[in-house]
Amino acid sequence: MPAPDGRNSAGASRPDPAEGSSRRDTAADYLSGLNPEQQAAVLHSKGPLLILAGAGSGKTRVITTKIAYLIREMGVNPESILAVTFTNKAAKEMAERASRLDPRASRATIRTFHSFGAWLLRRNAQAAGLPSSFTIYDDSDTLSLLSAVNQDMTRTQLSPFSRWISRAKDYCLGPDSPELNRITSEDSFPAIYKAYQERLTKAGAVDFGDLITRCVKLMRDEPGVRARIRQRFSVVMVDEYQDSNVAQYEFLRELCGPETYICVVGDDDQSIYRFRGAEVKNILTFDERFPGTTVIRLERNYRSTQNILSIATAVVENNSGRLGKTLIAQRPGGGKATIAYLHDQDQEAAYCARVVAEHRKSGGRYGDVAILYRTNAQSLEFETAFLRLGIPYQVVGSLKFYEREEVKDTLSWLSFLTNPLDEVSFRRIINKPVRGIGEKSIERIVASAVRLAAGGETEPFLIACEEAGGMREGEALASKGAAGARSFVALAKTLKILLGPEVPEASASPETPEPEVAGIASTAAEAARVSTTPDPRTVEIAVEAGAPVKPGKGNGKKSRRREPEGLAAFVQRVIMDTGLADYHKGQDEIQGSQKVQNLEQLINGASSYPADRAGLSSFLESIALDRSLAIEGEELDGVVLITIHNTKGLEFPVVVVSGMEAGLFPREEEEGEEREEERRLFYVAITRAKDALFFTTCRERRLWGRLEEMYPSPFLAEIPRDLVETVGSYGGAEEAVGGGEWAAGTAVFSEEYGSGVICRRWHAADQLMVEVEFESGRRAKLFPKYNKLERISRDGF
DNA sequence: GACAGTGAAATTTTT
DNA sequence: TTTCACTGTC
């Protein structure tokens with residue numbers, strides 16, 4: 001174990017002897033429920049630790065217990081503990097559970113990689129070459145900036161570049177790196193990347209990748225910062241380590257000095273983010289890169305029945321390059337899984353509805369059932385069917401709330417008020433609602449602003465607008481545009497004043513734990529200040545905004561609403577004063593959309609933040625880094641519709657893996673790494689199930705309006721036949737698929753074509769005929785009786 | 001410079 | 001089915 005944090009605990013590494021026995025009792029309490037491997041993981045204290053935690057093996061429990069144990073038994077200062085996760089949900093859960101074990105754990109830093117990066121950069125903005133109020137750009141902002149810099153190219157042309165840039169950053173490659181050819185062979189990429197990066201920096205903004213790569217650079221260039229950070233965090237833990245990318249590995253390397261205790265937890269079989277740069281190699285080679293590593297395997301599974309785990313194991317064994325784990329069920333019993341062969345999505349949805357109904361009949365809840373799919377688009381059929389059948393459901397993720405036009409508009413205003421260099425936001429709001437400033441004029445203003453910024457001007461866009469409005473020396477626009485520019489400037493200035501003065505830069509020792517109480521007190525005062533000066537219009541329009549949007553829906557009673565509090569009052573004011581409220585109200589009337597409602601939701605989301613600059617910054621940051629934020633709806637009992645990626649870390653009594661069709665899941669037909677990743681995804685899906693597991697596959701599917709003929713996923717053939725039963729028919733009654741030796745989904749071998757999977761069967765000339773999709777990618781129609789076709793299986797069937 | 005209309009293309013997963 | 005780029009008209 002590391003020496004306890006120097007600042008707080010010199011000499012305090014041993015628990016007070018007087019308290020010793022009672023502490024040990026408590027320790028016994030929370031350790032006794034752990035199995036031997038879990039205990040070993042908690043108690044481990046020498047050298048790096050890699051915990052290979054199989055699905056459902058109590059991973060979070062081990063981490064949180066370890067945090068509590070470090071604090072209680074090892075005398076580690078909670079502030080010295082850093083735990084990083086990949087999703088906000090995981091971070092939140094970890095923090096909550098650790099705090100429940102020991103309230104002091106709430107003082108530990110438990111964040112996502114990206115949010116920790118943002119935290120570090122804000123506190124060391126100057127050293128990192130950023131304004132402390134830097135804006136975080138999401139992917140669409142990145143694309144906007146790219147198209148601003150490359151005006152001769154369309155967004156469609158630029159979108160691959162946007163992907164390549166973020167991939168390059170995943171690998172920690174800058175615009176000048178000679179290794180960029182690993183990303184793409186496109187010749188123009190380095191130049192476009194470079195121009196983008198320069199402009200991004202000029203805009204006082206960072207993208208997601210920067211949140212990691214800039215930290216790596218900061219730690220390398222500034223030994224002082226690195227030393228402080230290493231002193232602050234003597235314990236570093238990483239969850240879901242299999243999803244880390246190269247840049248995150250580099251970051252970790254910088255965070256960990258010789259004294260740091262490092263513990264990573266992960267499961268190589270659940271690595272499913274390769275497409276965005278995750279490197280399974282990080283976990284596969286951890287013990288080489290961190291010499292002296294102890295590896296502990298958690299293979300006891302507390303979630304699923306053995307049958308489910310056997311399926312999962314059989315499937316994932318088809319992958320190569322694994323560290324290897326075998327899950328052992330701790331729960332008894334469990335029946336077979338089911339493969340349902342269905343005709344189309346309607347049948348698929350109907351089948352799922354039946355699964356739900358049966359589960360309900362045996363006393364279960366709607367929320368016990370999860371329907372998993374590969375792509376978000378697949379949720380639609382389930383939604384419409386469930387709506388019609390009166391089955392409550394909830395769609396997890398995919399809530400593109402923050403990508404909506406009206407929300408983005410508002411956020412752009414808020415960003416621009418926080419960061420006057422923010423070009424992307426400026427472009428978005430300068431002429432919305434229309435102020436008579438068209439494309440040409442915008443380009444002229446931006447060009448002028450870029451010049452001004454180069455001269456050190458801190459508010460280049462406002463100054464450039466003043467020029468355009470004829471308020472100062474420079475190129476003025478024609479009358480209509482000039483008036484628009486003037487009104488924009490006036491608006492921005494009013495709102496800025498309302499927001500209050502700039503916050504002073506961070507103090508000298510930025511990584512010292514901050515006394516949080518002081519911050520809240522001052523911000524509460526600020527909150528009061530803003531909300532006590534309401535614009536009379538605010539109230540009036542707020543009431544209108546609360547009125548029913550669609551005729552015939554809602555009522556007038558709702559209009560007696562509470563006045564927005566805290567930052568919400570300011571956000572509302574921005575929406576009103578900028579004219580966005582009226583503009584989108586108009587849109588609602590034309591299109592029957594719910595933009596005003598969405599804006600209200602956004603206002604509500606701001607209410608828990610203090611109404612000052614700091615509050616606004618943290619509001620914007622949490623939105624940028626946690627897109628699932630606004631879903632805080634009431635907890636209703638409904639069937640869960642969710643993508644497989646989103647299920648990571650979740651479990652459900654009943655799981656339906658839908659859309660098991662070649663080309664859809666797995667997505668690509670090719671073999672290799674891509675296929676292995678899809679298989680891991682399949683493995684994740686299977687291991688979410690506690691009691692019952694279903695697979696559905698359709699013969700045809702409506703994809704973007706067209707009807708496509710589909711074939712069963714080759715993954716179905718990897719499921720040992722004795723662990724599943726099949727139901728359903730593929731078209732006509734005679735073609736029942738369940739029985740028969742040559743069912744669809746059966747793995748076969750042909751001397752001529754190699755191995756493959758039967759995707760279809762029917763009768764031709766009184767003989768059974770099957771269509772086989774071979775691994776070579778070829779398809780062939782064969783008579784099992786006449787062509788040499790063997791059935792194969794790996795379970796000795 | 002705004003905006004409506006047309007035609008064509010595109011759909012994976014997320015911090 | 002939706003989104004985006006491009007064209008033509010006011």
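Letters A, B, ... are given to chains in the order of the sequence lines, protein chains preceding strands, and every chain is numbered from 1. Remember, predicted model here, so these are calculated numbers, not experimental data. Computation of the quantities below employed the complete heavy-atom set of this structure, encompassing side-chain atoms and omitting hydrogens, waters and symmetry-equivalent molecules.
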Between [N] and [X], is there an OP1 or OP2 to side-chain N/O distance shorter than 4.0 Å?
X         : N       : value
Asn646(A) : dT14(B) : yes
Asn376(A) : dT13(B) : yes
Thr647(A) : dT13(B) : no
Ser115(A) : dT15(B) : no

Checking the side chain of [X] only, and the main-chain atoms of [Y] only, is there a donor and an acceptor separated by less than 3.5 Å?
X         : Y         : value
Ser658(A) : Leu372(A) : yes
Thr647(A) : Leu650(A) : no
Ser271(A) : Asp243(A) : no

Tell me what [X] touches on the nucleic acid: a base, only sugar-phosphate, or nothing, going by heavy atoms under 4.0 Å.
X         : value
Asn431(A) : sugar-phosphate
Thr156(A) : sugar-phosphate
Phe208(A) : base
Asp138(A) : nothing
Leu211(A) : nothing

* Report the nucleotide, chosen from dT13(B), dG1(B), dT15(B), that has the shortest atom-to-atom distance to any side-chain atom of His645(A). =>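 Of the options given, the side chain of His645(A) lies nearest dT13(B).
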* Looking at the side chain of Asn88(A), which of dA5(C), dT15(B), dA2(B) is the nearest nucleotide? ->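 Selected nucleotide (nearest to the side chain): dT15(B).
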* Would you please classify the geometry between the Phe386(A) ring and the Phe382(A) ring as parallel, tilted or perpendicular, with 30° and 60° separating the classes? =>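 Phe382(A) and Phe386(A): tilted rings.
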* Aromatic ring pairing Phe488(A)/Phe426(A), orientation class (parallel under 30°, perpendicular over 60°, tilted between) ->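 Rings of Phe488(A) and Phe426(A): perpendicular, over 60°.
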* **Distance between P atoms of dC4(C) and dT13(B) (Å, rounded)** =>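 Taking atom P in both dC4(C) and dT13(B), they lie 15 Å apart.
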* Ring of Tyr273(A) versus six-membered ring of dT14(B): centres under 5.5 Å and planes under 30°? ->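 No; by the centre-distance and plane-angle rule, Tyr273(A) does not count as stacking on dT14(B).
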[X] [atom1] - [N] [atom2] separation (whole Å):
X         : N       : atom1 : atom2 : value
Phe682(A) : dT13(B) : CZ    : P     : 19 Å
Arg702(A) : dT1(C)  : CZ    : C1'   : 10 Å
Ile437(A) : dC3(B)  : CD1   : P     : 14 Å
Arg163(A) : dT15(B) : CZ    : C1'   : 17 Å

* Which residue lies toward the 5' end of DNA chain B, Glu677(A) or Gly436(A), if each is placed at its nearest nucleotide? ->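 The answer here is Gly436(A).
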* Asked: For DNA chain B, whose closest nucleotide is more 5', that of Arg444(A) or that of Leu703(A)?
  ->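 It is Arg444(A) whose nearest nucleotide is closer to the 5' end.
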* Kindly say whether, by distance alone, the side chain of Arg374(A) makes a donor-acceptor pair under 3.5 Å with the base of dT13(B)? =>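 Pair found.
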